[in-house]
Amino acid sequence: MEDDMDPIMTILRLVEEEDDGDRIARRFFQIHPEADRQAFLDACHVALDIIGLKPQQLH
């Protein structure tokens, strides 16, 4: 069930499926409506560490 998915795993899955940051954020909050902005940012930070990208490489 998607609602039980860890926020970090959600981000990892969404970046595989989407290349638009706004769409990733929108879908993240649809899957995790209880999450706040900081939870989203934290999940993104950990996901970036996992996939080995530095934020400056995203631009």
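Remember, it's a predicted structure, so these values are computed and weren't measured experimentally.
The shortest non-hydrogen separation linking A35 to F28 is CB-CE2, 3.8 Å. Across all their heavy atoms, D6 and I8 have their closest contact at OD2-N, 2.9 Å. Across L14 and I24, no two heavy atoms sit closer than the pair CD1-O, 3.6 Å.
Contact of the D49 side chain with the H45 side chain is registered, since non-hydrogen atoms from C-beta on lie closer than 4.5 Å. In this structure, the side chains of I31 and R13 come closer than 4.5 Å at one or more pairs of heavy atoms.
Annotation: D19, atom CG; neighbour count of heavy atoms from other residues, nucleotides and ligands within 6.0 Å does not exceed 12. Atom CD of Q38 sits in a crowded spot, with more than 12 heavy atoms from other residues, nucleotides or ligands closer than 6.0 Å.
To the nearest 0.5 Å, the span separating CZ on R23 from CD on Q30 amounts to 12.0 Å.
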